[in-house]
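Counting from 1, the numbers follow the sequence of the chain as shown.
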Amino acid sequence: MALKFITADEAATYVFHNDNVGFSGFTPSGCAKMIPLAIAKRAEEEHKKGNPFQIGIFTGASTGDSLDGALARAKAVKFRTPYQSNKDMRALMNSGGTQYFDMHLSEIAQSLRYGYLGAVNVAVVEAADVTENGEIVLTDAVGISPTICRLADKILIELNHFHPKNIRGIHDIFEPADPPIRREIPVYTPSDRIGSPVIKVNPDKIAGVVETHIPTESLVFTPLDDVTLAIGRNVADFLVSEIKAGRIPASFLPVQSGVGNIANAVLGSMGENQEIPVFNVYTEVIQDAVFKLMKAGRVEFVSGSSLTVSREILNEIYGNFETFKNKILLRPQEISNNPEVARRMGVIAINTALEADIFGNVNSTNVSGSKMMNGIGGSADFSRSAYLSVFTTPSTAKDGKISSFVPMVSHLDSSEHSVKIIVSEYGVADLRGKSPVQRARVIIDHCVHPDYRPLLNDYLKMGVTGHTPQNLKCCFAFHQELAKSGDMRNVKWEDYM
């Protein structure tokens, strides 16, 4: 069947009010741009006529402003899942302007297949190439693309010529069977290939192809500073001590690292530390630090779901693709984030906490328990099943007015049962084999900012006698004080008793 080439505005006419639309991508990488903008434009036009126009949005993870930002500003979002990071989408969600439900990233594709989340009416997919027999070559991310292409009634392709056709071969497309016939996922090392280099669909489902030439909308991370660099060194030194103690194999293990400047600092410090062997990366988001280490000979192979790298690094990869193509695999996120695979390979998982409490529970998502930041992402996919689960966080935020360590987290994402190690710029708290009181003491002594140690030691003394000495009258005093005075350091326990 001959491909039908259309404009972005024409593509938007295939999307209707109340449709559920699945979008390709994982972070801004791999995301369509022109078609979402055209859908947002159509929504605004319909709203001016007094007509309703909102869609449900399924994505792999966060997206670019051309997708999440444009649709949020157009008030065209019926619901959104899973992870997001756009300020306008966040504002819409926190104001009640749309419904948002947070999900583990490894679960969304199978939840769609199981029918838990409703139909996928339209799939909008960015591609580097598409053939008349229905072979789709993705760009710099995979996400949930294989599943939404299979489930959707119709597919709209954004053929982005910024990405070279010879990227074919970097993807490993594999969907597991659903129960009761599911078998093991046969990934035993990060470099194992188990699927196809392309997504194969019925060409009759491809409603149209929109040609573009638009670079990936790069994420902007804050520069590394003394705090993030100290966290990176603390993680690297701790891992070296674990090798020397025989608790990590001398040959080392695959590493998973979250997204952001702390993750880049951690990977950079690991690469600089010559006592850590050359290692492989099995992760979700592949960042600049990985490629710098690969060029330095410190990372041998990387597997993930997206190339979330700077324009400079992406151009280098594309310009030297023969060098990199046998060292990189991009997988669907239900494989890159799969707990079964993480546990089998013994992944060392390193993720970022928004806040942690003194007993080892982690909040990754909600500010003061109510305002959604981004979402849980893939952190818990890895932390529960990791060989070693590490959470990092600066000890304070907002010039010291907010402590990242509190008596009780205001929202729970990863419980004390999954959190093994916590690292701040001040040191490392090893929580393995410790009771709640022991965990509290090591976190306060090694990770908490000095301004907050007396307050948290006092809280521990005030706790009601029991296995976990919480004081329910003032366990949220830090959060209440922040709302009242804007500075957690102003807490006076007698005001909350």
Side-chain angles (χ1 to χ4, degrees), residues 62 72 80-103 222 227 258-262 351-377 379-380 383 391-416 418-419 422 424-425 440 443-444 447-449 451-456 458-460 462-463 468 470-497:
S62 58
R80 170 75 165 83
T81 193
Y83 186 86
Q84 58 73 46
S85 62
N86 180 272
K87 63 181 180 63
D88 293 314
M89 183 65 75
R90 184 185 303 124
L92 188 68
M93 289 159 28
N94 284 323
S95 67
T98 190
Q99 301 302 312
Y100 171 74
F101 47 98
D102 201 8
M103 290 186 69
T222 55
V227 171
V259 63
N261 60 330
I262 295 179
N351 291 285
T352 304
L354 187 64
E355 69 176 1
D357 66 32
I358 58 175
F359 301 107
N361 301 293
V362 164
N363 171 16
S364 301
T365 58
N366 282 264
V367 177
S368 292
S370 60
K371 295 291 186 182
M372 173 58 67
M373 179 58 72
N374 298 327
I376 194 169
S379 60
S383 62
F391 279 88
T392 61
T393 182
S395 63
T396 61
K398 301 295 182 184
D399 298 319
K401 295 177 182 178
I402 297 175
S403 174
S404 298
F405 296 94
V406 295
M408 182 184 286
V409 288
S410 56
H411 177 88
L412 178 62
D413 290 300
S414 293
S415 80
E416 61 188 271
S418 300
V419 181
I422 295 180
S424 78
E425 73 272 28
I443 290 172
I444 293 170
C447 294
V448 171
H449 191 283
D451 288 352
Y452 289 94
R453 287 176 191 170
L455 283 168
L456 290 170
D458 288 344
Y459 177 83
L460 194 58
M462 292 188 305
T468 303
Q470 291 283 13
N471 186 314
L472 296 182
K473 290 183 179 179
C474 50
C475 60
F476 294 123
F478 276 31
H479 303 92
Q480 293 179 67
E481 188 63 40
L482 180 65
K484 183 172 72 174
S485 71
D487 195 328
M488 291 182 176
R489 290 170 294 193
N490 294 333
V491 163
K492 293 180 175 57
W493 291 119
E494 59 269 23
D495 294 342
Y496 295 93
M497 294 295 288

For residues [X] and [Y], report the shortest heavy-atom separation together with the two atoms involved.
{"X": "N363", "Y": "H411", "result": "CB-O, 2.8 Å"}
{"X": "D458", "Y": "W493", "result": "CB-NE1, 3.7 Å"}
{"X": "F359", "Y": "A440", "result": "CE2-CB, 4.0 Å"}
{"X": "V491", "Y": "L455", "result": "O-CD2, 3.6 Å"}
{"X": "V362", "Y": "V419", "result": "CG2-CG2, 3.8 Å"}
{"X": "S404", "Y": "P394", "result": "OG-O, 2.7 Å"}

Answer yes if the side chains of [X] and [Y] hold a donor-acceptor pair under 3.5 Å, and no otherwise.
{"X": "S415", "Y": "N361", "value": "no"}
{"X": "S410", "Y": "E355", "value": "yes"}
{"X": "S485", "Y": "N490", "value": "yes"}

Hey, does [Y] have a side-chain heavy atom less than 4.5 Å from the side chain of [X]?
{"X": "K401", "Y": "M488", "value": "no"}
{"X": "D357", "Y": "E416", "value": "no"}
{"X": "K492", "Y": "E481", "value": "no"}
{"X": "I358", "Y": "L460", "value": "yes"}
{"X": "T352", "Y": "F391", "value": "no"}
{"X": "Y459", "Y": "C475", "value": "yes"}
{"X": "T396", "Y": "I402", "value": "no"}
{"X": "M372", "Y": "D102", "value": "yes"}

Hey, what do you get for [atom1] ([X]) to [atom2] ([Y]), rounding to the nearest 0.5 Å?
{"X": "S418", "Y": "D413", "atom1": "OG", "atom2": "CG", "answer": "11.0 Å"}
{"X": "Q99", "Y": "M93", "atom1": "CD", "atom2": "CE", "answer": "10.5 Å"}
{"X": "N351", "Y": "T393", "atom1": "CG", "atom2": "OG1", "answer": "12.5 Å"}
{"X": "T98", "Y": "L92", "atom1": "OG1", "atom2": "CG", "answer": "5.5 Å"}
{"X": "L482", "Y": "K398", "atom1": "CG", "atom2": "NZ", "answer": "10.0 Å"}

Check whether any side-chain N or O of [X] sits under 3.5 Å from a backbone N or O of [Y] as a donor-acceptor pair, and report yes or no.
{"X": "Q84", "Y": "M373", "answer": "yes"}
{"X": "D88", "Y": "A72", "answer": "no"}
{"X": "R90", "Y": "N374", "answer": "no"}
{"X": "S424", "Y": "S395", "answer": "no"}
{"X": "S403", "Y": "F405", "answer": "yes"}
{"X": "S95", "Y": "A91", "answer": "yes"}

Would Y496 and K473 count as a side-chain contact (heavy atoms from CB on, under 4.5 Å) if you check the C-alpha gap in whole Å, the side-chain angles of each, and the deciding distance to 0.1 Å? CA-CA 6 Å; Y496 295 93; K473 290 183 179 179; over 6 Å; no
Decide yes or no on side-chain contact (heavy atoms from CB on, under 4.5 Å) for L354 and V367, but give the supporting numbers first. CA-CA 8 Å; L354 187 64; V367 177; 4.0 Å; yes
Thinking salt bridges, do D487 and R489 make one under a 4.0 Å N-O criterion? yes
Proximity of F478 and Y452 rings by center, below 6.0 Å: yes
